[in-house]
Amino acid sequence: MRTQVAIIGGGPSGLLLSQLLNRAGIATVVLERRDRAHVLSRIRAGVLEWGTVEMLRKAGVGARMDREGHVHQGCLLSSEGRMFRIDFHEACARQVMVYGQTEVTHDLYDAQDALGATILHGVGDVALHDLTSDAPFVTYTRDGAAARLDCDYIVGCDGFHGISRRSIPAEVRQEFEKVYPFGWLGILSQTPPAAEELIYAAHSRGFALASMRSPTLSRYYIQVPLSDRIEDWSDAAFWAELKSRLPEAVAQGIVTGPSIEKSIAPLRSFVSEPMRWGRLFLCGDAAHIVPPTGAKGLNLAVSDVHYLYEGLAAFYAKGDAEGLETYSQKALARVWKAMRFSWSMTTMLHHFPDFSAFDRRMQATELDLLESSPSARRVLAENYTGLPF
Ligand code: APR
Ligand code: PHB
């Protein structure tokens with residue numbers, strides 16, 4: 001088989017890139033290890049930067065998001081009992097869209113089906129070959145048979161555990177990593193949200209986040225030690241702990257109900273450089289991971305896809321390879337700013353077991369600064385709603 005762009009991984013990065021390329025008349029084949037139901041069962045964050053909203057519209061997948069998503073013009077921060085609002089509109093005239101990543105992935109699959117795109121599921125043993133030649137190719141197995149896909153370019157959209165990043169020689173790759181000493185326990189519940197906007201809550205017992213998917217579907221998280229197991233947390237214990245970390249007035253109004261999903265995720269910041277090696281490009285979680293504080297994961301994948309799409313479209317339309325040559329630098333410049341933001345939000349809001357009294361005063365002072373300084377709020381709002389592509 002032959003295509004122009006071979007895409008490894010059918011998560012949001014791979015599907016969005018494929019969708020944009022197909023609409024520009026560029027042929028793709030997406031190779032995905034899991035089945036579609038599995039990809040769609042993963043629950044991830046639900047806040048879209050405006051640049052992401054515009055990219056989804058440009059890809060022809062914005063209709064349901066525009067109907068069912070909710071525009072938010074601010075968020076709430078709380079510390080022990082105190083709570084204040086960051087008004088994105090006042091601070092930087094921007095806003096975000098609350099719409100689940102699972103729904104985005106769903107919409108992308110529907111749009112790819114409508115275009116008749118080639119997405120092969122259940123693909124195993126994917127290996128990348130001749131990446132620094134003019135004729136790279138991918139080998140894989142499917143239904144017990146070996147297969148080969150020849151192409152012009154390969155894009156690794158296969159997430160943190162994928163094979164693409166590791167196909168770049170170790171002596172070329174530089175990895176930067178910070179692992180945080182805690183995880184997030186999250187639940188989804190068919191209950192009205194705690195407030196109209198998201199609440200990011202710092203507390204001496206640990207961080208909590210009150211988020212939502214719709215007026216009837218809530219998403220909550222609490223910081224937990226990495227040693228905790230999901231079986232240790234009954235729904236009742238979760239609700240009690242959540243309430244203890246939110247301001248009293250908010251806690252009193254929380255509507256509880258059975259969890260319809262419950263999971264623990266570790267927190268990590270990770271970047272692998274470069275994001276291009278010969279004819280291989282990396283996009284999304286294949287190249288970088290952010291902690292969820294600030295909801296940058298999907299948004300960062302979308303900005304990578306933007307830069308790569310522009311580069312590939314210019315190459316196929318005009319033979320102009322400039323955008324492909326500069327992809328890694330452009331993408332990484334934005335990646336590092338989102339790394340800084342998600343690391344600073346994580347550091348400001350969580351309980352770190354090894355923090356000194358001085359460190360804790362610094363955390364409280366960061367929050368004080370945000371509450372009292374419009375300039376500080378503006379920096380947060382610009383980063384939260386999304387830096388320009
Ligand atoms: N071969 C084929 N497919 C693979 C392989 C492989 N060896 N390894 C992983 N995959 C697939 C996974 O099954 C998954 O569907 O690649 C896909 C990667 O998807 P994500 O992990 O969702 O990564 P990405 O598309 O970059 O999304 C970035 O979305 O999923 C979130 O946390 C993520 O918020 C981040 C954003
Ligand atoms: C979510 O709704 O799942 C969510 C929202 C904001 C975050 C992280 C997760 O920062």
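Note that ligands are numbered from 1 as they come in the structure, with each ligand's atoms numbered from 1 the same way.
In the hydrophobic clustering of this structure, W277 groups with I163; members are Ile, Leu, Val, Met, Phe, Trp, Tyr whose side-chain heavy atoms approach within less than 4.5 Å, directly or through other members.
Residues D66 and R57 are paired through a salt bridge, judged by an N-O separation under 4.0 Å between the basic side chain and the carboxylate.
Ring planes of F389 and H306: tilted class, angle from 30 to 60°. Classification of the F355-F352 ring pair by plane angle, with boundaries at 30° and 60°, yields parallel.
Looking only at atom types and distance, the side chain of D87 has no donor-acceptor partner in the side chain of Q73 under 3.5 Å away. In this structure, a donor-acceptor pair under 3.5 Å is present between the side chains of S263 and E261. No hydrogens or angles considered: a donor-acceptor pair under 3.5 Å links the side chains of S269 and Y180. With 3.5 Å as the limit, one finds a donor-acceptor pair spanning the side chains of D304 and H288. With 3.5 Å as the limit, one finds no donor-acceptor pair spanning the side chains of Y384 and N299.
Residue contacts with ligand 2, taken as heavy atom pairs separated by less than 4.0 Å, involve L209 solely via side-chain atoms from C-beta onward.
Counting only heavy atoms of the protein, atom 2 (O) of ligand 2 lies nearest to S211 OG, 2.5 Å. Here the protein heavy atom with the shortest distance to atom 10 (O) of ligand 2 is Y200 OH, 2.7 Å. Looking only at protein heavy atoms, the nearest one to atom 3 (O) of ligand 2 is Y221 OH, 2.6 Å. Closest to atom 8 (C) of ligand 2, if we only count protein heavy atoms, is P292 O, 3.3 Å.
Smallest separation of non-hydrogen atoms from L312 and Y153: CD2-CD1, 3.8 Å.
On a distance-only criterion, V47 and ligand 2 share no N/O pair closer than 3.5 Å. Between G294 and ligand 2, an N or O atom pair is found at a separation short of 3.5 Å. Taking only nitrogen or oxygen atoms, main chain and side chain alike, T293 does not reach within less than 3.5 Å of ligand 2.
Using a 4.0 Å cut-off to heavy atoms of L198, the atoms of ligand 2 that qualify are 5 (C), 6 (C). Atoms of ligand 2 lying under 4.0 Å from at least one heavy atom of R213, given by number and element, are 1 (C), 2 (O), 3 (O).
Both tests do not hold together for R276 against Y327: distance to the six-membered ring centre under 6.0 Å, angle to the ring axis within 45°.
Residue W184 is tested with F238, W233, Y220, F207 for a ring-ring contact (aromatic ring centres under 6.0 Å, His included); the sole match is F207.
A heavy-atom separation below 4.0 Å is found between W184 and ligand 2. Between M345 and ligand 2 there is no heavy-atom distance shorter than 4.0 Å.
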Return a table of N or O atom pairs, ligand 1 on one side and protein on the other, at distances under 3.5 Å, rounded to 0.1 Å.
from     : atom 1 : to   : atom 2 : distance (Å)
ligand 1 : 3 (N)  : R33  : N      : 3.2
ligand 1 : 13 (O) : E32  : OE2    : 2.6
ligand 1 : 15 (O) : E32  : OE1    : 2.7
ligand 1 : 15 (O) : E32  : OE2    : 3.2
ligand 1 : 15 (O) : R42  : NH2    : 2.6
ligand 1 : 22 (O) : R44  : NH1    : 3.4
ligand 1 : 25 (O) : P12  : N      : 3.3
ligand 1 : 25 (O) : S13  : N      : 3.0
ligand 1 : 25 (O) : S13  : OG     : 3.1
ligand 1 : 26 (O) : S13  : OG     : 2.6
ligand 1 : 26 (O) : D285 : N      : 3.0
ligand 1 : 29 (O) : Q101 : NE2    : 2.6
ligand 1 : 30 (O) : R44  : NH1    : 2.0
ligand 1 : 30 (O) : Q101 : NE2    : 3.0
ligand 1 : 32 (O) : R44  : NH1    : 3.2
ligand 1 : 32 (O) : D285 : OD2    : 2.9
ligand 1 : 34 (O) : Q101 : OE1    : 3.4
ligand 1 : 34 (O) : L298 : N      : 3.2

